[in-house]
Amino acid sequence: MRSGTRRCRGASLLVVTAAVFTVTGSDTASVPVVGNKRPDLRAVQPESYVETQLFFGTGRHNGAPPVSERQFKKFLGEEITPRFPSGLTLQEAYGQWRDHTGSINSERSYVLILLYPQSSAQYNDVEIEDIRDKYTTLYGLESVGRVDVNVEVDF
């Protein structure tokens with residue numbers, strides 16, 4: 001009788017454990033085991049950020065040569081990187097747009113991606129507008145395109 005009682009307790013514990021895993025949706029097979037320890041699982045803690053994309057064209061009007069890669073990298077180093085030292089992404093692209101005369105222009109361009117906390121959006125807006133103004137003034141261009149999107153980010 002005594003062994004039956006022990007057996008019953010063990011079976012009950014097994015049933016309860018199985019029920020807990022079934023109800024909670026736990027899947028022990030999805031967590032890799034290294035040695036006898038499981039790695040610490042860090043919960044993703046996204047923060048509210050703004051993603052700004054800036055579109056820098058290189059084609060210029062009135063026969064002026066396009067902005068060279070060297071000129072753009074200098075502008076990046078002197079005007080953009082000091083304002084966003086935590087990081088940025090720069091992609092080379094090929095763009096097309098209609099200018100103030102109605103002509104469609106095709107040009108080599110750059111897409112700059114910036115991520116910054118929403119709490120600093122007002123400050124960064126001033127910095128970004130200054131970058132746009134300086135680039136268009138320096139190279140005699142009509143505009144630098146801008147897109148802002150609210151995003152959740154985790155690093």
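All figures in this text were calculated on a predicted structure; none of them were measured in a lab. Worth knowing before you read on, the calculation uses all heavy atoms, side chains too, and leaves out hydrogens, waters and symmetry mates.
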**Item:** Val50 with Val153, same ILVMFWY side-chain cluster at under 4.5 Å
**Value:** no
**Any donor-acceptor N/O pair, Thr58 side chain to Arg108 backbone, under 3.5 Å** = yes
**Request:** Looking only at non-hydrogen atoms, find the nearest pair between Thr136 and Glu142 and report the distance.
**Result:** CG2-C, 4.1 Å
**Item:** Test item: Leu115 and Phe155 side chains (from C-beta on) under 4.5 Å apart, heavy atoms
**Value:** yes
**Message:** On a heavy-atom basis, which atom in Glu92 and which in Glu69 lie closest, and how many Å separate them?
**Reply:** OE2-OE2, 4.3 Å
**Taking every non-hydrogen atom, the tightest pair across Ser109 and Gly95** = OG-N, 3.5 Å
**Asked** Do the side-chain N and O atoms of Tyr116 and Ser86 include a donor-acceptor pair separated by under 3.5 angstrom?
**Response** no
**Request:** Measure the spacing between CD1 of Ile131 and NZ of Lys134 and express it to the nearest 0.5 Å.
**Result:** 9.0 Å
**Nearest atoms (heavy-atom pairs only) where Leu141 meets Gly57** = CD1-O, 3.6 Å
**Message:** Are Tyr110 and Leu138 connected into the same hydrophobic cluster when the rule is that any two of I, L, V, M, F, W, Y join if their side-chain heavy atoms are below 4.5 Å apart?
**Reply:** yes
**Item:** CD1-CZ distance between Ile80 and Phe56, expressed to the nearest 0.5 angstrom
**Value:** 4.0 Å
**Prompt:** Out of Asp148, Ile113, Val147, Leu112, which one pairs with Thr52 under the side chain to side chain contact (heavy atoms under 4.5 Å, CB included) rule?
**Reply:** Asp148
**Prompt:** Would you say Leu76 and Leu88 make side-chain contact, with heavy atoms under 4.5 Å?
**Reply:** yes
**Prompt:** Would you call Lys73 and Leu90 a side-chain contact if the rule is heavy atoms closer than 4.5 Å?
**Reply:** yes
**Prompt:** Out of curiosity, Asp125 CG to Glu127 CD, how far, rounded to the nearest 0.5 Å?
**Reply:** 10.0 Å
**Item:** same_hphob_cluster(Val151, Val111) at 4.5 Å side-chain heavy-atom cutoff
**Value:** yes
**Donor-acceptor contact below 3.5 Å, side chain Ser103 vs main chain Asp99** = no
**Asked** Hey, what do you get for CG (Leu114) to CZ (Arg83), rounding to the nearest 0.5 Å?
**Response** 11.0 Å
**Asked** With a 4.5 Å heavy-atom cut-off, do Tyr135 and Val67 have their side chains touching?
**Response** yes
**Message:** Is it true that Glu47 and Gln45 share a donor-acceptor pair across their side chains at a distance under 3.5 Å?
**Reply:** no
**Request:** For atom CD of Glu152, decide whether the heavy atoms of other residues, nucleotides or ligands shown that lie under 6.0 angstrom number more than 12.
**Result:** yes
**Message:** Taking Gln96's backbone N and O only, do any of them form a donor-acceptor pair with Ser106's side chain (distance below 3.5 Å, no angle check)?
**Reply:** no
**Message:** Looking at Gln71, is its backbone amide N or carbonyl O close enough to the side chain of Ser68 to form a donor-acceptor pair, meaning the two atoms are under 3.5 Å apart?
**Reply:** yes
**Item:** Minimal non-hydrogen separation, Arg146 against Phe55, with atom names
**Value:** N-CD1, 4.4 Å
